[in-house]
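Naming convention: chains lettered A, B, ... in sequence-line order (proteins, then strands); numbering from 1 in each chain.
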Number of protein chains: 2
Amino acid sequence: MPDTRPSARELIAAHGGRVTRARVAVLEVLGSAHTPLSHEGIASALEEGGETFDRVTLYRTLEWLVEQGIATRIAGSERAWNFELVDRHGHHHAHFHCQRCGRVTCMEEVAPALAGALPPGFSLAQAELVLHGACAECNRS
Amino acid sequence: MPDTRPSARELIAAHGGRVTRARVAVLEVLGSAHTPLSHEGIASALEEGGETFDRVTLYRTLEWLVEQGIATRIAGSERAWNFELVDRHGHHHAHFHCQRCGRVTCMEEVAPALAGALPPGFSLAQAELVLHGACAECNRS
DNA sequence: TTGCTGATGCAACATTGTAGCATTTGTGCG
DNA sequence: CGCACAAATGCTACAATGTTGCATCAGCAA
Ligand SMILES: [Mn+2]
Ligand SMILES: [Mn+2]
Ligand SMILES: [Zn+2]
Ligand SMILES: [Zn+2]
C-alpha cells in the first residue's frame, strides 16, 4: 500500500510555489517534529541535518507556509512564534505551554467550546487557546 | 457611603512595595482604561497626564504589578503584551483581538470551558483564550 | 533627620522579526 | 538542452519590544 500523503515536493508544487531547498527542508523538519517548533528550533534542526539558510529566508519560508495554509503559527513561550503542520492535527486544538521547561504540547482533547457566545457584530476567524502550567514530566521531579 | 476599593497608594503599600510616582500613575491609567493597554498605550496615556518615565521604569513597574497579582499580561496584537487590572474583571475571561484595527476587547461572556480535560500529570496555572477576527465596529464599515 | 534598601534613569545589549535590493535559481518553453 | 523571466535567496540595515548592569535617587522606618 503506497503512502497517500503528498511528499514535500508535491505539496509545494500543488500550492503553486517553487520547490526550493529551503521549503523542502523546512517541511521535512516540521513533518517529523512531534511538537510545534520555534524559528530557532527549526534552524537548529536544519543545521543538524547539514542544511543552513539565512535567517531571513527561514522567516520568509515559514511565512509562505502559513499563507498557503500548510503550517500554522501558534503563540509559544515568550514573544516567539511556534510552527506546526496543519494536517498533522487538523489544526483546531489547544496548546499547553510548560512554564518550567518551556515546551509546548498539543492538547487534542481540550477544545475551546466557544458556544458561539460572541457579542453581536463580532466575527471570529480563529480561536487560540493556550494553557500555562507544568507538564507531566516536570511535575514528576 | 465611602469608596470601598483601595486607592492606588493603599494597594501598593499592602503588597509591601514602595509608593512611587510611577506605580501610582500606572495604576491610575490602568484603573481608568476600559480595554487592556500595551506598554506603548500606557506610556502615551501617562504623557497626556503630563507624567513621563523612562521606558525601562515602565517595564519594571508593569512587571512588578504582574508579579504581585495586581495586573495581568495578555497577548495582544503582534509580539507586544497588553496589561489590565485583575480586579477589573475577575481575570478569567477571554480576549478578542481585532485583526483590522488591532484593538483588544474583553469578552466576559466567553468562557474557556476546559472541563478538566487535561492529560494526567499536567497541572494548569492559567488559561489564555484569545479570539482573532473582526470587531463589531470594523464589521460595520 | 538620617540611613538603608528598593526604585529609577541611562546606556548598552538581546531577541524576534521586516524591508530594500542585488544576485541566484526554478521552471516553462522553444 | 539552453534561455529568459519571475520567484526565491542572501546580505545589510532597520524596527519593535524587552532586558541587564550600574550609578544615583528617594521612600520609609527608626
Ligand atoms: Mn498542535
Ligand atoms: Mn480583560
Ligand atoms: Zn515541562
Ligand atoms: Zn476592529
Is there a side-chain contact between [X] and [Y], using heavy atoms and a 4.5 Å cut-off?
| X | Y | answer |
| --- | --- | --- |
| A:Leu30 | A:Glu84 | no |
| B:Thr57 | B:Thr20 | no |
| A:Arg73 | A:Glu63 | no |
| B:Val19 | B:Arg23 | no |

Quick one: which protein N/O atoms are closer than 3.5 Å to N/O atoms of nucleotides 26-30 of chain C? Pair and distance per line, please.
from   : atom 1 : to      : atom 2 : distance (Å)
C:dG26 : N2     : A:Arg18 : NH2    : 3.0
C:dT27 : OP1    : A:Val19 : N      : 2.5

Identify the heavy atoms of [X] and [Y] that sit nearest to each other, and give their distance.
| X | Y | value |
| --- | --- | --- |
| B:Ser123 | B:Leu118 | C-CD1, 4.5 Å |
| A:Gln68 | A:His15 | O-CE1, 3.2 Å |
| A:Ile74 | A:Pro36 | CD1-CG, 3.6 Å |
| B:Pro120 | A:Ala136 | O-CB, 3.9 Å |

Figure out the [atom1]/[atom2] separation between [X] and [N], and round it to whole Å.
| X | N | atom1 | atom2 | answer |
| --- | --- | --- | --- | --- |
| A:Phe53 | C:dT24 | CZ | P | 18 Å |
| A:Leu27 | D:dA8 | CG | P | 14 Å |
| B:Asp54 | D:dT24 | CG | P | 16 Å |

Margin query: Contact list please: residues 58-71 of chain B against DNA chain D, heavy atoms, distance less than 4.0 Å, in numerical order.
Written below: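 Of all residues in residues 58-71 of chain B, the ones placing a heavy atom under 4.0 Å from DNA chain D are B:Tyr59, B:Arg60.
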
Item checked: Stretch residues 38-46 of chain B: residues that reach within less than 4.0 Å of DNA chain D through a heavy atom ->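 Close to the strand, none.
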
Check: What is the bend of the helix from C:dT1-D:dA30 to C:dG30-D:dC1 when you compare the axis at one end with the axis at the other, using five pairs each and rounding to 10°?
Finding: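 Its terminal axes enclose an angle near 30°.
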
Notebook entry, point to check: Out of B:Thr72, B:Ile70, B:Leu11, which residue meets the side-chain contact (heavy atoms from CB on, under 4.5 Å) rule with B:Leu65?
Noted result: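 Of the listed options, the one satisfying the test is B:Ile70.
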
Notebook entry, point to check: Quick one: which of C:dA7, C:dA19, C:dC10 gets closest to the side chain of B:Arg23?
Noted result: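 Between C:dA7, C:dA19, C:dC10, the one nearest the side chain of B:Arg23 would be C:dA7.
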
Note to self: Among D:dA13, D:dT17, D:dT9, which nucleotide has an atom closest to any side-chain atom of B:Arg55?
What the structure shows: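 In terms of side-chain proximity for B:Arg55, the closest of D:dA13, D:dT17, D:dT9 is D:dT17.
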
Item checked: Those residues that, when tested against B:Val56, pass side chain to side chain contact (heavy atoms under 4.5 Å, CB included) (two or more places apart) ->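 So B:Val56 forms a side chain to side chain contact (heavy atoms under 4.5 Å, CB included) with B:Asp54, B:Arg60.
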
Item checked: Phosphate-side-chain proximity, B:Trp81 and D:dT17, N/O vs OP1/OP2 below 4.0 Å ->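 No, B:Trp81 has no side-chain N/O under 4.0 Å of OP1/OP2 on D:dT17.
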
Check: Would one find more than 12 heavy atoms of other residues, nucleotides or ligands at under 6.0 Å from atom CZ of B:Arg9?
Finding: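 No - once you tally the heavy atoms of other residues, nucleotides and ligands closer than 6.0 Å, there are 12 at most.
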
Note to self: Nearest heavy atom decides the nucleotide; on that basis, is A:Val56 or A:Ala22 closer to the 5' end of DNA chain D?
What the structure shows: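 Here A:Ala22 is the residue nearer the 5' end.
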
Next item on the list: May I ask whether B:Trp64 and B:Tyr59 are part of the same hydrophobic cluster, defined by side-chain heavy atoms of I, L, V, M, F, W, Y residues being less than 4.5 angstrom apart, directly or through others?
Entry: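 No: no chain of side-chain contacts under 4.5 Å links B:Trp64 to B:Tyr59.
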
Margin query: Please enumerate all residues that pass ring-ring contact (aromatic ring centres under 6.0 Å, His included) together with A:Phe122, with sequence neighbours excluded.
Written below: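 So A:Phe122 forms a ring-ring contact (aromatic ring centres under 6.0 Å, His included) with B:Phe96.
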
